[in-house]
Each structure stands twice: as structure tokens, then as C-alpha cells.
Amino acid sequence: MQNEINKDLLVNVYGYDNVKKELSLIKEWLQDESILSNPKLMLPKGIIFQGRPGNGKTLLLREYAKSFNAPTFVIEGKTDNPCMEISEVFENARKEKFAIVMIDEIDLLISKDNRVTRALQQGLDGVVARGSVLVLATTNFIRDLPDALTRPGRFDRIIKIGDPDAKSRARIFTEFLKDIDVDITPIDIGHIASVSTHCSGADIRAVCNDAYLRTKGAVTTRELESSYKRICMDTYEDASSEFKNMNVAIHECGHVLMALQFKENWKFFDANFSNDGGYAEIHECDERVDTIKKREQDIMIGMGGYIAEEVINKKHDVGSYSDFQRVQGMATRLIERVCIEGISDLIIPYCDNTNRYESSKKRLRNEKKVSRLIKKLERRTRRIITKNKKSIIALANLMYEQGSLSYSDVQNIA
């Protein structure tokens, strides 16, 4: 089946299943004699892997080239005459029945001299025999490449290697930890994968390595969390040793409790004290999905802190009012973004420019909608907080005692 991934293709590259499917398909075309012999069909001459550093572009390039088991030539551009190097590489590649030409960081190569770009164009144009040479390249910034190189007939395929999604991150964490002989049975891989949004493959490898070194191989979920904070969030010190406050703990645990009600859209990571109070880190499970329901949940999570203070302490600290201002802003933006009534799960992009043309009557109408929305969500939040008052107190006591609260702590209580 064309849509299936070749099991022997890119086995050393973790995740990126869709990319592997596309590359597997291209490889099939280049090895299918019925396609090669059809002069009416265009076959790819070049593939560029583009994306930010650390996401495995170079690894993909090398592993894909290796999978063809064909002569491979590399253009490095380190000679005094890179144009001559390019010309010689293509000349040697064309002598083979099929060959691979590799260029890592092509943007750096062509930045040296416009003549280098022309030499590459000539090299690609000189590949007359169909399917005889495949050029593979990587770049961090596709916009830095001239259109003359990326047009059909030269680099025909541009494959974006973005940040791995949660499924790919889970696979990458699993394989990297296995590679360094870590027992993953007690580790909640799904949790650490879901919260480590925007991590590259290189980031994940660094997290696994840091956790291994600190524990001498006895890696736990909590240690992975700590390593993630050190590597990806630049958090090296715990401010909780300098500041602890029970009211702050109750406030933050109010946010945490509300996030736990909406696990389908929101993921609690940890809560900590800071020198100016405290914070609870909560992630969106899928940032690509934006619905009214999800925005309302976000508002309720934002309300959780000051309502927990009110329900448990019967008063608010001054800091809790900043949460209320944030919630009011979120509710206002939500009302302004909803343009189709009766469809509760549709949100369109918000545009600040619309406000300047609104009539005073429309602004007043929106303000009333905002007020009604906040009151409705506040009632819901209060019911949940009141029902789970004992859990919040237990979490707050643990946070105060430990100086922080982790995902595993919450699993044992809430």
C-alpha cells in the first residue's frame, strides 16, 4: 500500500510519520521502472528539508540517503572554489545509474556568492536522465533561498520539519530513554510529552540526557519534569526556598483544580512559589484547536484562584484582582470574536481594528454580553471549587510543605 510507511525506512528517526510516508512514496516512484520509463511524468530532482534547528533535518537527510543504498556525494562548500566543487560533484553523480547528492544547510552555501546559486541551478538542470540523481538539502530558512532554486524542475519538494506533535514527542522520549537504558515502565511518558510543547527533537534528547546524568539512570517522571524546566524553560533554581505563603498556595491550587476538570483541553504541569507570589503552569493540549468551549474553560481556570481564596479564606488578597482583570479581558475578546450565533464551537480570528468602528450601542451590547458570560462562568467555577474544597486544601498543604506541586502530586490527591 502506498500510504503505508516502509518499515525499513528511516528507522533511526523517531516520530514524523507523515514526513516518512511522503519520503517513502517518493522513493517508490524513483525505483518504479514503469514510472521511470514514462516520459510524460515529472519526477522530483531535489528535496529540501526546512525547519528550525534541532528538529532532525540533517538526520532525516542522511538516513533517507542511506536508505537508497546508492552512491552518495556531498557538497560542503569548504573549498576555495565551491562552484568548481559543485560542478565536479554533479559530473560524478551523473556517471552513476542512480546517485544521491547531499547539501547540508544550503542557505549558508549559497550565501557566499551568487555564482554558487547559478552553479547549483546548472547542476540540477544538467540532470537529463530521469531519476538518475536526487539532490537532498536542508535549510533553517526557506525564505533565504531564491525562487530560481525552488521552482519545479530543480528543488521540487519542500518538506517542513516542524516541532514534533504530542504523539511524536512521546515516541521520541520513549526511544531516547530506551537508547540510554532507562526503564520507562514507571515513567508517565504521555504526561511529559503532552506538556513539552514546542520542544524540538534535540531538546527532548537533552532533557533525557540531563535526567539520566542527575539520577545515574534511575529516571522518574518528576526528574524528567525538572530536566524539562532546566533545559527548555531555563529554570535552574527553585524560588520556593525563599518564599512560602499558604494563601498563595490556595490561590494557585484553585487554578490547578479547575485545570483538572478539563483534561481534554488543558494539562497541568506544576505549581511553584515565586519571589512575587506564585504561578501554576498549565498547557493547552492542542494549540491548533480553538473553540468557544475551550476559551470558556480557560476563563474558568483563570477564575479558580480568586474564587478558591474566597471560598476557603472568605477574602481575597490584592494579587488575586489581577486574575480578575485578565479574565475580564479574555471574556471581552471571546465575545468580540464570536460572530456566528447558534454555533457554540466556532471561533474566527480576532481583529483589533473592528473596535474603532463600533457604535456606542454595539459596545454597550457587548459589555452586557461580557458581564453575563463572566457571571455564568463564575457560578460554574464556584460550584466546582466548593465541591472540591477539601482537595484544594490538601493540595495547598502539600504545595506549602514541599515548596512546589507536581503533576504526580496531583494524581495522588485530586
Set out, in order, the CA-CA distance, both residues' side-chain angles and the distance that settles side-chain contact (heavy atoms from CB on, under 4.5 Å) for I187 and L177, then state yes or no. CA-CA 10 Å; I187 299 174; L177 288 169; 4.2 Å; yes
Kindly determine whether R214 and D210 satisfy salt bridge (charged side-chain N to carboxylate O under 4.0 Å, His left out), including the steps that lead there. CA-CA 6 Å; R214 291 175 186 275; D210 183 77; 2.9 Å; yes
Under the side-chain contact (heavy atoms from CB on, under 4.5 Å) criterion, do L109 and L120 qualify, and how do the steps go? CA-CA 10 Å; L109 175 68; L120 278 174; 4.2 Å; yes
Given K66 and E63, is the salt bridge (charged side-chain N to carboxylate O under 4.0 Å, His left out) satisfied, shown in steps? CA-CA 5 Å; K66 190 189 303 181; E63 292 295 317; 3.2 Å; yes
Passes side-chain contact (heavy atoms from CB on, under 4.5 Å), N397 versus E401? Steps please. CA-CA 6 Å; N397 283 330; E401 179 184 340; over 6 Å; no
One pair to check against side-chain contact (heavy atoms from CB on, under 4.5 Å): R151 and D147. What are the steps and the verdict? CA-CA 6 Å; R151 71 164 176 77; D147 293 339; over 6 Å; no
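Between D203 and R52, at least one side-chain N (NZ, or NE/NH1/NH2) sits under 4.0 Å from a carboxylate O, which counts as a salt bridge. Salt-bridge annotation for R326 and D323: absent, with no side-chain N of the basic residue lying under 4.0 Å from a carboxylate O of the acidic one. We find that E281 and K229 are not joined by a salt bridge, their nearest charged nitrogen and carboxylate oxygen being 4.0 Å or further apart. Using a cut-off of 4.0 Å between Lys/Arg side-chain N and Asp/Glu carboxylate O, R222 and E225 are scored as not salt-bridged. Note on K294 versus E284: salt bridge recorded, some NZ/NE/NH1/NH2 to OD/OE distance being below 4.0 Å. The pair E223-R230 meets the salt-bridge criterion, with a side-chain N (NZ, NE, NH1 or NH2) lying under 4.0 Å from an Asp/Glu carboxylate O.
G254 approaches I385 most closely through the heavy-atom pair O-CD1, 4.0 Å. L61 approaches F49 most closely through the heavy-atom pair CA-CE1, 3.9 Å. Pairing each heavy atom of A93 with each of A99, the nearest pair is O-CB, 3.7 Å. A308 and I392 make their closest contact through CB-CD1, 4.4 Å (heavy atoms, listed as atom of the first residue, atom of the second, distance). Of all the heavy atoms in C199 and I204, the pair that sits closest is CB-CG1, 4.0 Å. Closest approach of F176 to C208, counting heavy atoms only: CB-SG, 3.9 Å.
No more than 12 heavy atoms of other residues, nucleotides or ligands lie within 6.0 Å of CE in M84, so this atom counts as exposed by the packing criterion. Other residues, nucleotides and ligands contribute at most 12 non-hydrogen atoms within 6.0 Å of the CZ atom of R115. Within 6.0 Å of CZ on R154 lie more than 12 heavy atoms contributed by other residues, nucleotides or ligands.
Counting heavy atoms from C-beta on, the side chains of D144 and T139 never come closer than 4.5 Å. In this structure, the side chains of T381 and M258 come closer than 4.5 Å at one or more pairs of heavy atoms. Within the 4.5 Å cutoff, no side-chain heavy atoms of D270 are placed close to those of Y407. Annotation: side chain of I192 is in contact with side chain of F173 (closest heavy-atom distance under 4.5 Å). Contact of the E22 side chain with the V19 side chain is not registered, since no non-hydrogen atoms from C-beta on lie closer than 4.5 Å. Side-chain contact between M399 and F273 is present, with heavy atoms from C-beta onward closer than 4.5 Å. The side-chain heavy atoms of D181 and Y212, taken from C-beta on, include no pair separated by under 4.5 Å. Put simply, the side chain of I26 reaches to within 4.5 Å of the side chain of R157, judged on heavy atoms.
Between the side chain of Q402 and the backbone N or O of S404 there is at least one donor-acceptor pair closer than 3.5 Å. A distance-only check finds a donor-acceptor pair linking the side chain of H283 to the backbone of V195 [under 3.5 Å]. Although no hydrogens or angles enter the test, the distance criterion places a donor-acceptor pair under 3.5 Å between the side chain of D156 and the main chain of G153. Checked by atom type and distance alone, the side chain of R169 pairs as donor or acceptor with a backbone atom of A193 at under 3.5 Å. Formation of a donor-acceptor pair under 3.5 Å by the E252 side chain with backbone atoms of A280 is found in this model. Side-chain atoms of S67 come within 3.5 Å of backbone atoms of Y64 as a donor-acceptor pair (strictly under, hydrogens ignored). Judged by distance alone, the side chain of T215 and the main-chain N or O of A211 form a donor-acceptor pair under 3.5 Å. Judged by distance alone, with hydrogens and angles left aside, the side-chain atoms of T72 form a donor-acceptor pair with the main-chain N or O of A70 at under 3.5 Å. Side-chain atoms of D32 do not come within 3.5 Å of backbone N or O of E28 as any donor-acceptor pair. A donor-acceptor pair under 3.5 Å links the side-chain atoms of N55 to the main chain of G162, judged by distance alone.
In this structure, F269 has its ring center closer than 6.0 angstrom to the ring center of Y228.
Rounding to the nearest 0.5 Å gives a distance of 11.0 Å between CD of E85 and CZ of F90. For the atom pair CD1 (I48) and NZ (K160), the distance works out to 15.0 Å, reported to the nearest 0.5 Å. The distance from atom CZ of F141 to atom CD1 of I106, rounded to the nearest 0.5 Å, is 15.0 Å.
A cation-pi contact, defined as under 6.0 Å to the ring centre and within 45° of the axis, links K27 to F68.
With 3.5 Å as the limit, one finds no donor-acceptor pair spanning the side chains of T79 and N81. For the residue pair D104 / T138, a side-chain donor-acceptor distance below 3.5 Å is found, with atom types taken as modelled. Side-chain contact of K57 with N140: a donor-acceptor pair under 3.5 Å is present, judged by distance alone. Side-chain N/O atoms of T221 and D188 include no donor and acceptor closer than 3.5 Å. Looking at N114 and T117, their side chains never bring a donor and an acceptor atom within 3.5 Å of each other.
Considering R380, E264, Q261 in turn, E264 is the only one that fulfils the side-chain hydrogen bond (donor to acceptor under 3.5 Å, both in side chains) rule with Q297.
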